[in-house]
Amino acid sequence: MSSLFKQLSLLGILITLTACSTRYPNQTPLDEAFPAVQGTTLSKQRVSLPMHFSGRPVVLLIGYVQDAQFDIDRWLIGLDMTQTRTEVFELPTIAGMLPRMFETRINDGMRAGIPKSLWGGVITIFDDGERVQEFTGNINPNNARVILLDSQGQVRFFYDEGFAVAPLNALRQTLAELSSSGGQ
């Protein structure tokens with residue numbers, strides 16, 4: 001009987017999580033400033049974005065659901081295999097009050113699966129998750145939101161249709177143009 005209770009409780013939590021999420025139409029925020037939000041690295045450092053990246057271009061791989069990790073991993077492999085020279089940050093971004101209640105458990109789960117040396121490159125966004133999702137849209141949440149920010153925090157590249165070689169090359173071209181212009 002206790003196993004059935006656990007299963008029903010889990011089902012209730014899952015329904016609540018999906019029912020509370022707001023659907024935002026997908027956006028293409030090119031040339032817009034990344035929204036001012038707060039996040040926490042897996043090494044427990046509180047950071048303000050995009051100020052944390054100020055002065056240098058960075059790639060952000062934003063995931064709204066756990067299944068987006070598959071797409072994020074493909075982008076990471078593609079960036080590595082092409083020897084793309086820029087900092088890359090993963091931003092698990094979760095909206096809603098209920099997930100915030102489980103923030104510690106979620107972060108601990110990620111720490112268990114990510115080498116400690118990489119924790120500073122993973123910044124979880126809970127309190128401002130809704131703001132980021134509204135900025136990019138969250139339709140097709142299994143696709144990562146890939147953003148290249150310039151040194152001023154402006155979006156210079158955006159893609160949200162799943163990994164492909166042509167967008168990877170376009171990202172690299174935009175990064176090269178930023179590098180030749182001093183990051184802006």
Side-chain angles (χ1 to χ4, degrees), residues 3 5-27 29 34-35 37-47 49-50 52-53 58-81 87-149 155 158-164 167-168 171:
S3 175
F5 178 74
K6 287 179 185 177
Q7 289 175 352
L8 290 174
S9 296
L10 180 59
L11 179 62
I13 288 171
L14 290 175
I15 290 170
T16 303
L17 281 173
T18 57
C20 293
S21 62
T22 302
R23 292 176 52 94
Y24 294 106
N26 288 352
Q27 307 293 319
F34 192 81
V37 297
Q38 299 290 312
T40 306
T41 67
L42 289 185
S43 51
K44 300 183 181 180
Q45 175 190 8
R46 191 84 169 140
V47 296
L49 307 179
H52 183 66
F53 313 122
V58 297
V59 172
L60 306 178
L61 301 174
I62 303 171
Y64 296 137
V65 296
Q66 185 175 359
D67 286 345
Q69 189 64 49
F70 178 73
D71 195 31
I72 289 170
D73 289 344
R74 291 185 298 172
W75 278 96
L76 289 169
I77 291 167
L79 290 165
D80 183 59
M81 295 300 291
E87 288 184 274
V88 179
F89 292 86
E90 291 184 52
L91 275 60
T93 303
I94 304 163
M97 185 178 70
L98 193 57
R100 279 187 295 224
M101 293 170 41
F102 294 98
E103 181 176 354
T104 301
R105 177 177 266 171
I106 293 169
N107 283 339
D108 286 346
M110 283 189 275
R111 283 185 198 99
I114 298 173
K116 192 172 187 174
S117 62
L118 302 177
W119 288 0
V122 179
I123 302 169
T124 59
I125 301 172
F126 284 89
D127 294 340
D128 295 325
E130 193 92 13
R131 189 182 225 176
V132 175
Q133 289 190 20
E134 185 175 12
F135 180 69
T136 68
N138 60 8
I139 307 301
N140 300 322
N142 290 349
N143 294 346
R145 275 42 182 184
V146 181
I147 293 178
L148 172 61
L149 293 183
V155 176
F158 178 82
Y159 190 75
D160 66 352
E161 297 179 30
F163 177 79
L168 172 62
L171 168 64

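From a predicted model like this one, the values you see are computed outputs, not experimental measurements. For reference, positions follow the sequence shown, starting with 1.
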task = Identify the two heavy atoms, one from Gln27 and one from Phe158, that lie closest to each other, and give their separation to 0.1 Å.
result =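 Nearest heavy atoms, Gln27 then Phe158: O-CE2, 3.1 Å.
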
key: Closest contact, heavy atoms only, Gly63 versus Ala68   = CA-CB, 3.9 Å

[X] side, atom [atom1]; [Y] side, atom [atom2] - distance, nearest 0.5 Å:
X      : Y      : atom1 : atom2 : result
Gln133 : Tyr24  : CD    : OH    : 7.5 Å
Ile62  : Ile125 : CD1   : CD1   : 6.5 Å
Arg145 : Leu60  : CZ    : CG    : 13.5 Å
Asp67  : Asn143 : CG    : CG    : 11.0 Å
Asn140 : Asp160 : CG    : CG    : 7.5 Å
Phe126 : Thr93  : CZ    : OG1   : 9.0 Å

key: Electrostatic pair Asp80:Arg74 at N-O distance under 4.0 angstrom   =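 Salt bridge: no.
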
Checking [X] side chain against [Y] main chain: does a donor-acceptor pair fall under 3.5 Å?
X      : Y      : value
Asn26  : Ile139 : yes
Thr124 : Thr40  : yes
Glu161 : Tyr159 : no
Arg23  : Gly137 : no
Ser43  : Thr41  : no
Asn138 : Thr22  : yes

message = Under 3.5 Å, is there a donor on one side chain and an acceptor on the other for Glu90 and Gln69?
response =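 There is such a pair (donor and acceptor under 3.5 Å, judged by atom type) between the side chains of Glu90 and Gln69.
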
task = Go through the side-chain N and O atoms of Thr136 and Tyr64 and say whether any donor and acceptor fall under 3.5 Å apart.
result = yes

Side-chain contact test, heavy atoms from C-beta onward, threshold under 4.5 Å: evaluate it for [X] versus [Y] and give yes or no.
X      : Y      : value
Val146 : Pro167 : no
Leu91  : Leu49  : yes
His52  : Gln45  : yes
Val58  : Val88  : no
Val47  : Ile123 : yes
Phe89  : Val122 : no

query = Is there a side chain to side chain contact (heavy atoms under 4.5 Å, CB included) between Ile147 and Val59 once you walk through the steps?
reply = CA-CA 6 Å; Ile147 293 178; Val59 172; over 6 Å; no

request  = List the steps, then state whether side chain to side chain contact (heavy atoms under 4.5 Å, CB included) holds for Asp71 with Asn142.
outcome  = CA-CA 7 Å; Asp71 195 31; Asn142 290 349; over 6 Å; no

inquiry  = Check the orientation of Phe34 and Phe135. Use parallel for under 30°, tilted for 30 to 60°, and perpendicular for over 60°.
reply    = perpendicular

